[in-house]
Each structure stands twice: as C-alpha cells, then as structure tokens.
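Since the structure comes first, as structure tokens, the remarks are kept for the end.
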Amino acid sequence: MSVIAAPPPRRRWSRRLANAWPPALVLAVVVGLWAGVGALVHAASDVLPGPDLVVRSTWQDRSNLWPAAWTTTREAIFGILAAIVVAVVLAVAIDSSRTVRRSIYPLMVASQTLPIIALAPLVVIWFGFGPLPKIALVALFTFFAIAVGLVQGLASADVDATNLLRTMGASRLQLLLRVRVPSAIPQFFTGLKVAVTYSFVSAIVAEFVGAQQGLGVYMTTAKNAFRTDLVFGAVLVTAILTLLLFAIVTVLERLALPWRRPASATGTP
Amino acid sequence: MAPARERYGDAMSAGARLELRDLRKRFSQADGSALTVLDGVDLTAEPGEFVAVIGPSGCGKSTIFHILAGLEDASDGAVLIDGVQTPKRLGVCAFMPQRDGLLPWRRVIDNATIGLELAGVPRAQARERALPLLERFGLGEFARAWPWQLSGGMRQRAAFLRTVLMGKPAMLLDEPFGALDGITRGDLQQWLLDVWDEVGSTVVLITHDVPEAVFLADRVYVMSPRPGRIAAVVEIDLPRPRTLAIEESPQFAAYESRLRAALRGRTDPVDEPAAGTAGERP
Ligand SMILES: Nc1ncnc2c1ncn2[C@@H]1O[C@H](COP(=O)(O)OP(=O)(O)OP(=O)(O)O)[C@@H](O)[C@H]1O
Ligand SMILES: [Mg+2]
C-alpha cells in the first residue's frame, strides 16, 4: 500500500523538460558560435576544428579512444572509491574525538594547499607507471570534498534526536549508526558530487606525468601529432564521462535518501 | 474500551515510584554568570500514578524531565527511583520529548520500534508488537509512511506509541498534545487514559493546558515562573474512569479556577471553593 503522494509521472516529465531546455539552449548557442568561428578561420582548422570535424574524426579514431577512455574511467572510479574510504575513516575519527579533531582537521585542510599537481611526478616515482599512482592522485584530489561534507553532516545531527536515543540507553556506536550517519548522508552526497567533477581531470593530470594508457596519454599523443581535432574529441569525451558519473551519483543519492521530502510537496497528504 | 480501572490493584506493581527532593539546577551562561532554573523542586509520583506539571513557559518543566531521564545532572538535591538514589538514569524512563523526535529517515513503524531495537529485541518481533498498536492508534495505514507525510496529530501519536512500546515502568510526556486543536486533543487525551489504564506505568505529563491537567491527572504540580519552584500541589479527586463529559461538572470547574489562581501566583486556597484535598507550598 502506498500513501505517498507522488506527482503524476507526466507532470514530473514536463517539469524535467522545462528544467532541461535553458541549458540546452545555451549549449546550442555555444556550439553554434564554435561552428561559426571555426568556419571563419577555416584555413587554420588545425587550431580550431569545427564541431562537425571533431565528431567525425573522433568517431573514426574510436578504436584508439575507447580503451583510453576505459582506462581513465577505471582510475577515476577507483580513485573516488579510495577517497570515500579515506574520507569515511577520517570523518568518523574527527567526529568521535575532540583530540583527533583538533590534531587532524587542520592538517587535512592544510593538505589541500599542497600543489598536488607538483606531487604527481613523485607519486609516479613511488608507485610506478601502472594505474596505482593515478588512483592515489585522484583520491588525494577528491577525498577532501567528501570528508568535509561528512564531517559537517555528522555534526549536523539533531541534538534532540541524539538525546532521545540516549534516554533509550543507546551506546555511542548506536548513536553514530542510527542518528549521526543518517544525518550526514545528504551532505556526503553533496561532497561526493563535487569530488566526481574533479575525478576525471585529476586522473588525466596524473596520466600526463607518465602512463601507458588513458585519455591523458591519448591527448598527449594527439597533440604531438598536431591532431587538435582529436584533442578536442578527448576533451568532449571527458566531459561526457564526468557528466555520466555525476548522473550516477545523483541516482544513488536518490536511492539512498528515499525519506527526503520532495521539494514539490508542500503540506501534508 | 478499557476495563474498569482497579485504582490500587495489581496493575500498579508495573509502575515505578519517582521522587525529586529539593532539586536544583543552574546552567552556566555564555557570559559566565549562572542561570538558576530550578530552585528547590519536590515532586513525587507514586507507582502507577498520573501526575501533571503545569507552569509558565521557561520555568524549567522540560529541565525537570531532562534530569529525570538522565540527560542532565542535578546541581543539587536528589533523584530517587523506587526509593533509591539513581545517578545513572539513562534508559530507565521512557521519555517523549517536547518536539516529537521522530527520525526523518525511518518509516513510522521503524520509528515506533526504535526503543525495542536498541534494547536488542529482534526486528520481526518488535514489529509484531508494534503493528496492532499502530492500528489502534489510527496509524495502521501509515506504518510504512515517512514522518513528513504525517499530520501534526499523527506525528504525536507515533511518538507516543514509540514511548509506550518501550515498556518502561515510567513515562515522561513533555507536552504530548501541544499545538493540537481542541477536538483532536480531546480524543488523544481520552485515548492516553485508556492506554495508561492498560499498561499501568507511572506517568508524568507536562502541559500548559489547565483543563488537560485536571482531566488527566491524579495530582497536579503548579510551578512558579523561573526560577522554578512548586507553587502549589492540587490533588484531583475526580472519579475514574473519566470521560470528556466530566469537563462539564462543577468540581471540574472548581479545580480549573483553583489551578489558574495558583498559576497567577495566588496560592491562598481559602476563597477557592474546590472539592478534594490540596497541599500548598510557599
Ligand atoms: N542546556 C541549557 N543550557 C542553558 N540554559 C538552559 C539549558 N536548558 C534550558 N535552559 C534554560 O532553562 C530555562 C528553562 O527551560 P525549560 O526548557 O526547562 O523550560 P520549560 O518550562 O520547559 O518551557 P516551555 O514551557 O516553553 O517548554 C530556560 O530559560 C532555558 O533557557
Ligand atoms: Mg518545555
């Protein structure tokens, strides 16, 4: 039996469409400008290939591009997963103990001031040319957003709810699992979405430094061969993959938070 | 309907005896000064009794509950449970906070059973116990709804169900029917009496509402404005079981005016023609 007053599906779809057309319009304008400028500087098509050329060349080169994209995708995803593990451990430790909070939180913030790009060569020296240094760098780039979201989310737990469970004799672990962690999930996903937008970029930067496979290698090779069309293609693929990952996280967020009151529902059923 | 109540029968043994002796509470404020909230409160709830506490906003009613439930320590004075000083009180009383305290990420049934879950009762068994009560509390259809889908009165019923299900010998209800309209309120009061009748546990109830205190309680403690003291204690000698019709009786009106006078700070009972006994304190 369902008591959930979900809006009828048609209305939901029309709302989604209504949300989708403004960015689509802007995108169309940008692509139009790109095509226009590309046509104007036609002679120098090496510098700014038009959209049609980019799509055509990229499609033709797909047998090289797909494996590269797949390698980078794997690095990005494993990097994010590693970042989640690190962030959860750090956030729970920071949340549970004031000593840990005072000693680790400043260092965690300070770690973000390190020029991580400059560290990349070192990481490659330590971990070799395989996927490991890329995963490590992605994790380094992205754990912070997730950890900060989690720390804030855990701290946002309702005092009244915590007190209520305390009067029921709840242990600290029970309070963590039944009040603090559920309270933190919305902000965890906010952090994760930020992290996801960095993930491909950081994997590619790591590949620039030294790799056998991946979009970073692909771009370097294309650039060295003056194939700007393929560089553009790889950039486009990166953007699409990042958006895909973002969309997956958004779906997971919705699945993880079925209890959230939909923004459209005002009043009680 | 509940069976006729045996006021001092076997059911009483299920309730705990709560006693506060000269309870004092000071909070230290941000500027370093101390805020005295409770300044010598004496209160007793005998096993199975229904006791109400009324008093102006900010006089320390909720603070009394926080101390009884073990969330706060007293600055001075004694808290006795079944005659024994009990410094570790968390988990002893079932506490219903002023805001309903429903966890937004748990369905109504899982909110209702959380106390049992924390006590280690297997989930299936906890649900089995909760379901018939949900039906009875008019929440059967909403067992799998999320808290935001409930109306204010339904939320309070769910929170009350959670409190009852814990099966504790004492229940502390902090304005359980606050912010409800008169009709809903009357229904819930009637139904609270029925439940109390069955479970036989001791109940302490905080309210702003004078008729509510008279209708429900065996004894009403009236508090002074902050710093909170007991300004008057009024025994309510109305027959049980009570129905809402009793509100029309002249004794009921007499108790009401007497409590209102005490709330206004006039504790002299001589000109109040109330029936029953009363103990007044300065
Ligand atoms: N943890 C605390 N720290 C400092 N002051 C507090 C704390 N808890 C309560 N107080 C103060 O104690 C006083 C009494 O609060 P309490 O919540 O007990 O009042 P109340 O009688 O329940 O009021 P109401 O009827 O409005 O719920 C208030 O002035 C409040 O500011
Ligand atoms: Mg209060």
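Note that this is a predicted model, so its numbers are computed, not measured. Every chain is numbered from 1 and lettered A, B, ... according to where its sequence line falls, protein lines coming before strand lines.
Applying the 6.0 Å contact sphere to CZ of B:Arg136 captures more than 12 heavy atoms from other residues, nucleotides or ligands. Other residues, nucleotides and ligands contribute at most 12 non-hydrogen atoms within 6.0 Å of the OH atom of A:Tyr198. Within a 6.0 Å sphere centred on CZ of A:Phe189, other residues, nucleotides and ligands contribute more than 12 heavy atoms. By the neighbour-count criterion of 12 heavy atoms within 6.0 Å, atom CD of B:Glu128 is sparsely surrounded, having that number or fewer from other residues, nucleotides or ligands.
Side-chain atoms of B:Arg99 and A:Asp158, non-hydrogen and from C-beta on, do get closer than 4.5 Å to each other. B:Trp146 places a side-chain heavy atom less than 4.5 Å from the side chain of A:Pro258. Counting heavy atoms from C-beta on, the side chains of B:Pro97 and A:Asp160 never come closer than 4.5 Å. Looking only at side-chain heavy atoms (C-beta outward), A:Pro186 and B:Trp105 stay at 4.5 Å or farther from each other.
Of all residues spanning residues 68-86 of chain B, those with a heavy atom less than 4.5 Å away from chain A's heavy atoms are B:Ala69, B:Gly70, B:Leu71, arranged by number.
B:Arg89 does not touch chain A: none of its heavy atoms, backbone or side chain, sits under 4.5 Å away. Neither the backbone nor the side chain of A:Ser171 has a heavy atom closer than 4.5 Å to any heavy atom of chain B. Using a 4.5 Å cut-off between heavy atoms, A:Leu165 touches chain B through backbone and side chain atoms alike.
The shortest non-hydrogen separation linking A:Trp259 to B:Pro104 is CB-O, 3.2 Å. Looking at every heavy atom in both residues, A:Ala170 comes nearest to B:Leu118 through CB-CD1, 4.0 Å. Residue B:Leu103 comes nearest to A:Arg178 through the heavy atom pair CD1-O, 4.1 Å, listed as atom of the first residue, atom of the second, then distance.
A distance of 5.0 Å separates CZ in B:Arg162 from CE in A:Met168, rounded to the nearest 0.5 Å.
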